[in-house]
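See below for the structure under consideration.
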Amino acid sequence: MLVYAIHGYSLKSGFLSHESVPTALTTVYSKMDEMESARKAFDECTHKSLASWNAMISGYTQNGLTEDAISLFREMQKSEFRPNPITITCILSACAQLGTLSLGKWVHGLVRGSDFESSIYVSTALIGMYAKCGSIEEARRLFDLMPKKNEVTWNTMISGYGLHGHGHEALNIFSEMLSSSVAPSPVTFLCVLYACSHAGLVKEGNEIFNSMIHRYGFEPTVKHYACMVDILGRAGHLQRALQFIEAMPVEPDPSVWQTLLGACKIHKDTNLARTVSEKLFELDPDDAADRNYPQAATVGQEAKKRKLAKAPGYTLIEIGETPHVFTSGDQSHPQVKAIYEKLEELEGKMREAGYQPETELALHDVEEEERELMVKFHSERLAIAFGLIVTEPGTEIRIIKNLRVCLDCHAVTKLISKITERVIVVRDANRFHHFKDGACSCGDYW
DNA sequence: GTAGGGTTAG
């Protein structure tokens with residue numbers, strides 16, 4: 001790779017003592033996803049500047065290393081350098097990814113009333129932070145206060161509504177954007193289509209997709225097609241989704257098939273799921289195995305091995321300002337006994353109400369009992385049980401999960417919201433679910 | 001035209 005040669009040459013020629021060369025190296029390594037090298041370039045930089053810190057924080061943020069971004073920010077606060085709007089923009093993006101509102105509010109507090117707030121970047125990042133940390137109303141309030149908005153500002157507000165399943169609000173903002181002086185981009189259309197898919201707006205999604213092509217002259221990318229497949233599939237039009245894929249003028253990539261497979265899971269169409277997994281296996285045997293789609297019996301063992309390598313799921317719950325993190329089957333929390341007892345108690349009540357565990361379509365190679373156990377102690381259930389124990393009756397419970405909520409946990413959370421008369425807000429890898437009185441705001445569209 | 005760092009989707 002060229003960058004290594006440049007790095008070596010810079011070292012030899014003494015360029016590393018230059019003000020900007022190590023910072024540029026930090027950025028390049030970050031973009032290559034080589035965070036150890038990025039950090040090394042930052043650490044070894046003898047003439048650090050504000051830009052060096054920003055480059056490193058931004059690198060962490062962009063690679064999803066939110067904890068590292070935040071801890072480096074804290075380190076920076078102890079240093080001689082003070083954050084500027086660029087720092088704040090990066091760190092707000094990290095807060096948004098992490099999803100913890102108290103941390104986001106803390107950062108907001110650092111800039112409230114300063115002229116940082118007039119930066120369009122900072123304001124946009126604040127909107128994204130509030131939306132992704134669950135406060136869509138606060139996001140909207142800040143949005144309305146902005147005297148000037150750019151394309152990203154509009155996109156952020158649209159996708160914020162999408163995240164919360166507020167499809168009509170997303171469409172309203174979109175049409176306001178169309179009558180503003182800011183033009184939509186292909187990314188804008190992705191945001192709008194995404195909002196349609198999470199609200200079941202099939203007709204609207206179709207119209208917008210067509211207007212994007214014919215009225216705005218944008219050539220749809222494979223991502224736009226995947227969004228359309230999601231809209232059709234999520235709404236249960238599985239055959240239409242399949243026909244749509246077959247008629248695509250660009251080659252469908254695995255993500256498109258993966259989207260349809262997700263829809264098959266939601267609507268429990270095992271036959272189509274099998275066809276689609278075969279298709280996925282043809283395209284990318286490794287990845288198909290990773291998804292553990294079992295119908296490919298030949299990869300069963302391989303699938304098991306690979307499952308171990310999957311990103312571990314965790315759920316975070318904030319009690320006051322203290323985060324508590326749970327993993328599946330977690331035994332490490334000090335209140336572990338009370339948590340498991342709470343789950344048992346809830347399960348009893350749920351069974352009385354006629355609940356049967358709904359194990360994943362995906363796990364055909366596991367014994368039924370083992371499957372039940374696996375879902376029974378998913379991290380979100382531990383977090384919810386803990387939240388129920390330590391908060392006052394009637395308090396809203398908010399949790400953040402790094403993966404998608406599974407079908408069974410979704411069903412269980414609906415029941416728990418009813419039994420305990422609590423509002424439970426779950427942010428998963430994809431969107432927000434507001435559980436209340438036995439129903440979810442996603443309308444089971446996921 | 002003047003170096004190195006920024007928000008959205010996936």
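A, B, ... follow the sequence lines: proteins, then strands. Residue 1 opens every chain.
Rounded to whole Å, the distance from CG on A:Leu50 to C1' on B:dA3 is 15 Å. B:dT8 atom C1' lies 12 Å from atom CE of A:Met146, rounded to whole Å. Counting to the nearest Å, the P atom of B:dA9 and the CD atom of A:Glu151 are 12 Å from each other. For A:Glu117 and B:dG6, the CD to P distance is 22 Å, given to the nearest whole Å. Regarding A:Leu193, its CG atom lies at a distance of 13 Å from the C1' atom of B:dG10, rounded to whole Å. Separating the CZ atom of A:Arg404 from the P atom of B:dG10 is a distance of 12 Å, rounded to the nearest angstrom. Distance CE (A:Met129) to P (B:dT8): 12 Å, rounded to an integer number of Å.
A salt bridge is defined here as a Lys NZ or Arg NE, NH1 or NH2 lying under 4.0 Å from an Asp or Glu carboxylate O, and A:Asp43 with A:Lys48 fails to meet this definition. Under the 4.0 Å criterion applied to side-chain N and carboxylate O atoms, A:Asp428 and A:Lys401 are not assigned as salt-bridge partners.
A:Lys31 has no side-chain polar atom (N or O) that falls below the 4.0 Å cut-off from OP1 or OP2 of B:dG5. In this structure, A:Gln62 does not reach the B:dG5 phosphate: none of its side-chain N or O atoms is under 4.0 Å from OP1 or OP2. Neither OP1 nor OP2 of B:dT8 sits under 4.0 Å from any side-chain N or O of A:Ser159.
For A:Ser49 against B:dG4, a side-chain N or O and a base N or O form a donor-acceptor pair under 3.5 Å. Interface remark: the A:Ser255 side chain does not form any donor-acceptor pair with the B:dG10 base, using a distance-only criterion of under 3.5 Å.
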- Task: Step by step, work out the side-chain contact (heavy atoms from CB on, under 4.5 Å) result for A:Arg274 and A:Asn271.
- Result: CA-CA 5 Å; A:Arg274 187 171 299 127; A:Asn271 283 332; 3.5 Å; yes
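Between A:Leu178 and A:Tyr216 the shortest heavy-atom distance is CD2-OH, 3.3 Å.
Of the candidate nucleotides B:dG4, B:dT7, B:dT8, B:dT8 has the atom lying nearest to any side-chain atom of A:Asn155. Listed nucleotides B:dT8, B:dG6, B:dG4 differ in distance to A:Val187; the shortest reach to its side chain belongs to B:dT8.
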